[in-house]
There are 2 protein chains.
Amino acid sequence: MDNDMDEPRRRVTIREVAERAGVSMATASRALSGNHPVPPATRARVLRAARDLDYVANAHARALAGGGRKMAAVVVRQVTSPFYAQVAEGVEAEAADRGWLCVVGATGADPQREMEFVQLMREEGARLVILVGGVVEDDAYRERVAHYAQALDASGARLVLCGRPAPDPEIPALVVEFDNEAGARAITGHLLSAGHRRIVFLGGLPGNTALDARVAGYRAALAEHGLGPDAAHVVDCGLGRAAGLRAMGELLKETREFTAVFAGDDMVAAGALRAIADAGLRVPEDVSVVGYNDIPLAEDFNPPLTTVRTPAEELGRAAVRIALRDPGSAAGSHHLLGTHIVVRRSVAPPGAAQAAPS
Amino acid sequence: MDNDMDEPRRRVTIREVAERAGVSMATASRALSGNHPVPPATRARVLRAARDLDYVANAHARALAGGGRKMAAVVVRQVTSPFYAQVAEGVEAEAADRGWLCVVGATGADPQREMEFVQLMREEGARLVILVGGVVEDDAYRERVAHYAQALDASGARLVLCGRPAPDPEIPALVVEFDNEAGARAITGHLLSAGHRRIVFLGGLPGNTALDARVAGYRAALAEHGLGPDAAHVVDCGLGRAAGLRAMGELLKETREFTAVFAGDDMVAAGALRAIADAGLRVPEDVSVVGYNDIPLAEDFNPPLTTVRTPAEELGRAAVRIALRDPGSAAGSHHLLGTHIVVRRSVAPPGAAQAAPS
DNA sequence: TTGAAAGCGCTAACAC
DNA sequence: GTGTTAGCGCTTTCAA
């Protein structure tokens, strides 16, 4: 294979197809794209020639001339996060159903890379860009997103924010997200109903909208059950399995003044579970733990994790569905998707260790 | 937002930037792409104008005129599979490091969708397409891939097969994969060393190259330990958690003539683990189980899974690295990546239940 | 029904 | 150094 990666070789063009079929380029084009009446006989000849030559249209030329392919882009922190992967899969599935091409980009949570990727998508002429995941909502963020929105809108493209706020309701972007506060309130309530009163929230990320909402829901539930504000104990260790593992380990060394932990998401729950086991404690007998998101393997944790189910794939599908529907009504529209608790085996009443030593 | 998705609006062009900067389009182009000497002063003016106008180049026009962006495409079965996600992340990371754009496509294991996607990538002018994952290697497959390879090569693009065979060594494609047989032999050996003699292989998928290789390794290990061919017991239930769950459940109903199970991958191991627990048995005391791939959450299974580590992200990175290196030497080259066992807690000697009832 | 021709936005010769 | 010009491959008026 003497194949120089730097110099793309010439491809078969529509002109060659036309020549072989004995028609003009225009006719060939019409036969190929099929949007213009062409006699069946000629059409067949053209198609035949195209197949013989293994012709594929040059998407760039086509886009330039007007008939561009519709392309959507999803931007996530990382594809290997089960939650993000599901959202991306939802977007890709819904896009594919509509004949759109879908590109996924990973930013590693770096605003710089996010900007570069959005820029790239603008250059490529993406008609829909979907930004996924909570963020710390500071001025830089607001400015960045306002710019994306305005720029995308100026070229007739759409911006949707998944699980992150619009910097301003007036901005040409729409947001689709889960009701984090409600989900957190519900699962905290579940813990409270089981009798827990000292619940620590593990995985705070101050400034991050998704986590802040979860913390707010947690505090609200505590308050609803008549607990004072100092009943709340949130550990701002951030997200991810490693963070959960470390933070839980440290917490266990310092204090055991809690009977349950509410992990910011299922990955930190995974880390917490491991740390608890490493400390020689049992879940749920010694400490109960709940997570957030219900990632596909949450039921395989030890024990199976009680968590909040956020239909991630549906979030992705909804994002494209809503963006493509109602061209007029989209500006600033805000959609909330429901969540629910899935009860498995990581919660028991406090003190269960004595009652049922397994 | 009156923003019609069907009619992309006009974008700022380089001509407008040139006018605003008071230079010709050519000068503007040179200043912007910076590959041609331009006096700092003019350069600054052009850049300024571009920023003021929020200009982004039209990637299609640029590609058409010759300066196309380098684009790589990864094709996987589904993004939500932890293993595939890691491979995709590796490809995307390595591509990004080199300033390439990376597109990921999901096929849902449908050859039809795979073909469409490859076609699409040809149209878009992808210079590198990476097909990931085992397949059933039949004539249809061989023909399909031979066609991809030939077509891609004809336009100067590269095809790499990850974890699937080249239909013919002469074909312009290169393959990068793990040594499935060696990995399977090693982990089967691990089970044998622990004293197991009745090991069932759960998750065969006859015809699938990756699984067949694993089964071959399993059989080879059995033979090496002096066991006859009828010591092998492979259950062809295919891959995935659901398959593992169902197959293991059925197996447990029929017979207990085994002390260990070798799951075709970690997802079927997850299902098997659950089925075993549902049957009231313990792992590893009553039955040992091992998996394949070492997906990120394998250590969170109950119990933590002993499995074969296949560095998936590295597979992805290697695919692009090798494809982009040595333009000449790539044809038919075959690269094998090493794997190793990671020992956790899902294996114990058979009969451990009596010895240590926990 | 079909062909000729004019661009789409950009880059790369090729002058000046 | 900088501008002029000719395409890149395709779609699409506009005539015939």
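Please read these numbers as outputs of a predicted model, since none were measured by experiment.
- For residues 24-46 of chain B, the set of pairs meeting the salt bridge (Lys or Arg N to Asp or Glu O under 4.0 Å) definition, not counting sequence neighbours, is empty.
- Under the rule for a salt bridge (charged side-chain N to carboxylate O under 4.0 Å, His left out), A/E177 has no partner lying at least two apart in sequence or in another chain.
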(message) What does the B/S/- profile of nucleotides 11-16 of chain D look like, 5' to 3', with a 4.0 Å heavy-atom cutoff to protein?
(response) BBB---
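- With a cutoff of under 4.0 Å to any heavy atom of chain A, the contacted region of DNA chain C is bounded 5' to 3' by C/dT1 to C/dG9.
- Classification of B/R69 and B/E124 as a salt-bridged pair fails, no side-chain N sitting under 4.0 Å from a carboxylate O.
- By the salt bridge (charged side-chain N to carboxylate O under 4.0 Å, His left out) test, A/R15 is found to be paired with no residue, residues two or more places apart in sequence or in another chain being considered.
- For A/N58 and D/dG7, the CG to C1' distance is 14 Å, given to the nearest whole Å.
- Counting to the nearest Å, the P atom of D/dG9 and the CG atom of B/L64 are 7 Å from each other.
- Residues in residues 50-64 of chain B take part in these salt bridge (Lys or Arg N to Asp or Glu O under 4.0 Å) pairs, two or more places apart or across chains: A/R122-B/D54, B/R20-B/D52, B/R48-B/D52.
- Applying the ring-ring contact (aromatic ring centres under 6.0 Å, His included) test to residues at least two apart or on different chains, none of the pairs has a partner in residues 9-28 of chain A.
- One end of the helix from C/dT1-D/dA16 to C/dC16-D/dG1 points its axis 40° away from the other end's axis, with each axis taken from 5 pairs and the angle rounded to 10°.
- Applying the salt bridge (Lys or Arg N to Asp or Glu O under 4.0 Å) definition to pairs two or more places apart or across chains, those involving residues 105-117 of chain A are A/R113-B/E92, A/E114-A/R144, A/E114-A/R164.
- In terms of position along DNA chain D, the nucleotide closest to B/S24 lies nearer the 5' end than the nucleotide closest to the other residue of the pair B/S24 and A/T13.
- If A/R15 and B/G22 are placed on DNA chain D by their nearest nucleotide, the residue sitting closer to the 5' end is B/G22.
- Sorted pairs that involve residues 134-155 of chain A and meet ring-ring contact (aromatic ring centres under 6.0 Å, His included), not counting sequence neighbours, are lacking altogether.
- The residues A/R11 and B/E123 are annotated as not salt-bridged, no charged nitrogen and carboxylate oxygen being separated by less than 4.0 angstrom.
- Applying the side chain to side chain contact (heavy atoms under 4.5 Å, CB included) test to A/S29 and every residue at least two apart in sequence or in another chain returns A/I14, A/S33.
- Here A/E19 pairs with nothing under the salt bridge (charged side-chain N to carboxylate O under 4.0 Å, His left out) rule; sequence neighbours left out.
- Atom pair B/E123:CD and D/dG9:C1' shows a separation of 13 Å (rounding to whole Å applied).
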